[in-house]
Amino acid sequence: STGSAQTNPEKNDVEYLTPVSIGTPGQVLNLDLDTGSSDLWVFSSLTTSSQVNGQTLYDPTKSTTANQLQGYTWQISYGDGSSSSGDVYTDTVTVGGVTFSAQAVQVAKTVSSEFTSDPANHGLLGMGFGSINTVEPVAQKTFFDNIMPDLDLPLFTADLKRSAPGRYNFGYIDPSAYKGEITYVPVDNDSGFWAWTSPAYAIGSRNFGNTTLKGIADTGASLFLLPSAAVSEYYGAVFGAKYDRSQGAFTVPCDASAPDFTFVVGDHGATITVPGNYIKYAPIDDAGKTCFGGIQLDTGIGFSIFGDVALKSAFVVFNGGNRTIGWATK
Ligand SMILES: CCNC(=O)c1c(-c2ccccc2)csc1NC(=O)CNCCc1c[nH]c2ccccc12
């Protein structure tokens, strides 16, 4: 089988939301497909009502194919401090025309304020590796784990765009979605993430250095989080850039000319270039003079995060069959 789902950016591309049908008859929720986590959790009829704020709720009692996994629970917290928790059902889930009939659907009973405050986000669909699923007493498989054996090819692709709808495809590679060749590199999934290493990077027209970037491809993270040497070198090249202690982040003048950030993929010279204007991420004030930087520090995480700012500059293949990740320009 193959499938294809349009994904739609929220304001400032902070996340990309994809319609997902759950249950019989189908209840359609807009979920954040997230290669940086491995839980499929949704706002639900069980979510504490004071923590619901306009989100579409999955109601298992309205689905003839829902079955509760008695005694199973889950609790997840993300690096930005957000969290959610609840119970577990299985039900039929369809994304882009691909269906799995007994998918673990983690219904939220509690969600933190970051999720409450975003009415458009009805939950997450983890596309990381199963080892980091939080369900107790038995970890559950991701949607991709479950559908992979039935896909024509054991892969999905991410084609995110700046302030425009993008696409997740399942089981096939659309040759019209990219230019030139796709360069594949090995993934180390011990961490549960799509972890890979870029051999070098360059800022603007400068020569490539020889500093490797060990990171994860993370569709559920908005920004491009990098080691301090790369971040300092980047913002050192942007007139008026500064570290704003109140924001805990680098900002740039929205009218600055920002250099591109190019990272190497593989050892045959393939590169991906993040346009400088993607790094002038979003105005932090109504005046529109100061912009939040799309590149920020990966301090304390232990690896870099190739989030949406990086991913939307490329066509990316996540191959679960041979555990590789493929990058192509577009
Ligand atoms: C905030 C995004 N990123 C992270 O927390 C994260 C970290 C991480 C760990 C420590 C400190 C900072 C980040 C490692 S992997 C990783 N990636 C993920 O966890 C991917 N899933 C993020 C889901 C997510 C968290 N807060 C949201 C708010 C809206 C939509 C989605 C989300």
Side-chain angles (χ1 to χ4, degrees), residues 7-18 20 29-43 47 51-56 74-86 106 108 110-134 142-144 158 160 166 168 187-197 213-228 231 247-250 281-282 292-312 316 318 325:
T7 190
N8 305 299
E10 276 230 88
K11 188 171 184 299
N12 297 327
D13 299 351
V14 285
E15 61 199 17
Y16 291 79
L17 297 172
T18 307
V20 175
L29 280 67
N30 295 325
L31 305 185
D32 183 355
L33 265 56
D34 177 13
T35 58
S37 67
S38 300
D39 286 40
L40 193 173
W41 71 262
V42 291
F43 275 81
T47 306
Q51 296 172 356
V52 176
N53 165 33
Q55 290 84 1
T56 302
W74 59 280
Q75 199 286 328
I76 193 163
S77 32
Y78 302 99
D80 63 350
S82 61
S83 62
S84 52
S85 67
Q106 299 169 218
T110 73
V111 300
S112 64
S113 57
E114 296 84 355
F115 294 114
T116 298
S117 65
D118 183 358
N121 181 339
H122 309 151
L124 268 66
L125 190 150
M127 305 269 273
F129 292 90
S131 58
I132 53 175
N133 176 269
T134 71
T142 66
F143 177 73
F144 177 58
L160 303 181
Y168 288 103
V187 159
D188 166 7
N189 67 294
D190 289 354
S191 56
F193 298 119
W194 290 87
W196 69 290
T197 299
L213 295 172
K214 184 174 169 294
I216 69 169
D218 187 350
T219 58
S222 314
L223 304 178
F224 191 4
L225 305 186
L226 290 167
S228 56
V231 176
Q247 299 270 343
F250 283 88
Y281 180 68
F292 199 88
I295 285 176
Q296 297 294 341
L297 295 168
D298 66 3
T299 311
I301 304 176
F303 45 83
S304 294
I305 298 191
F306 291 76
D308 299 336
V309 163
L311 296 171
K312 66 182 126 172
V316 189
F318 294 80
I325 186 166

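For ligands, and for the atoms within them, numbers begin at 1 and follow the listed sequence.
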Using ring centroids (six-membered ring only for Trp), state whether Phe144 and Phe318 fall under 6.0 Å.
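Centroid distance Phe318-Phe144: not below 6.0 Å, so no.
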Centres of the Phe306 and Phe224 rings: under 6.0 Å?
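Yes, they do, as the ring centres are separated by less than 6.0 Å.
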Just by distance, do the side chain of His122 and the backbone of Asn30 share a donor-acceptor pair under 3.5 Å?
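Looks like yes, one N/O pair under 3.5 Å.
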Go through it in stages, so that I can follow the logic: the residues are Asp39 and Ser37, the test is side chain to side chain donor-acceptor pair (under 3.5 Å), and I'd like the CA-CA distance, side-chain angles, deciding distance and then a yes or no.
CA-CA 6 Å; Asp39 286 40; Ser37 67; over 6 Å; no
For ligand 1, output the ligand-protein N/O contacts shorter than 3.5 angstrom; if there are none, return none.
from, atom 1, to, atom 2, distance (Å)
ligand 1, 5 (O), Gly79, N, 2.7
ligand 1, 17 (N), Asp218, OD2, 2.6
ligand 1, 21 (N), Asp34, OD1, 3.4
ligand 1, 21 (N), Asp34, OD2, 2.5
ligand 1, 26 (N), Asp80, OD2, 2.6
ligand 1, 26 (N), Ser82, OG, 3.1

Can you sort out the partners of Tyr16 under ring-ring contact (aromatic ring centres under 6.0 Å, His included), two or more places apart, ordered by chain and number?
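Testing Tyr16 for ring-ring contact (aromatic ring centres under 6.0 Å, His included), a comparison that skips the adjacent residues, returns none.
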Evaluate the ring planes of Trp194 and Phe129, with Trp represented by its six-membered ring, and classify them as parallel (under 30°), tilted (30 to 60°) or perpendicular (over 60°).
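Judged by the thresholds at 30° and 60°, the geometry between Trp194 and Phe129 is tilted.
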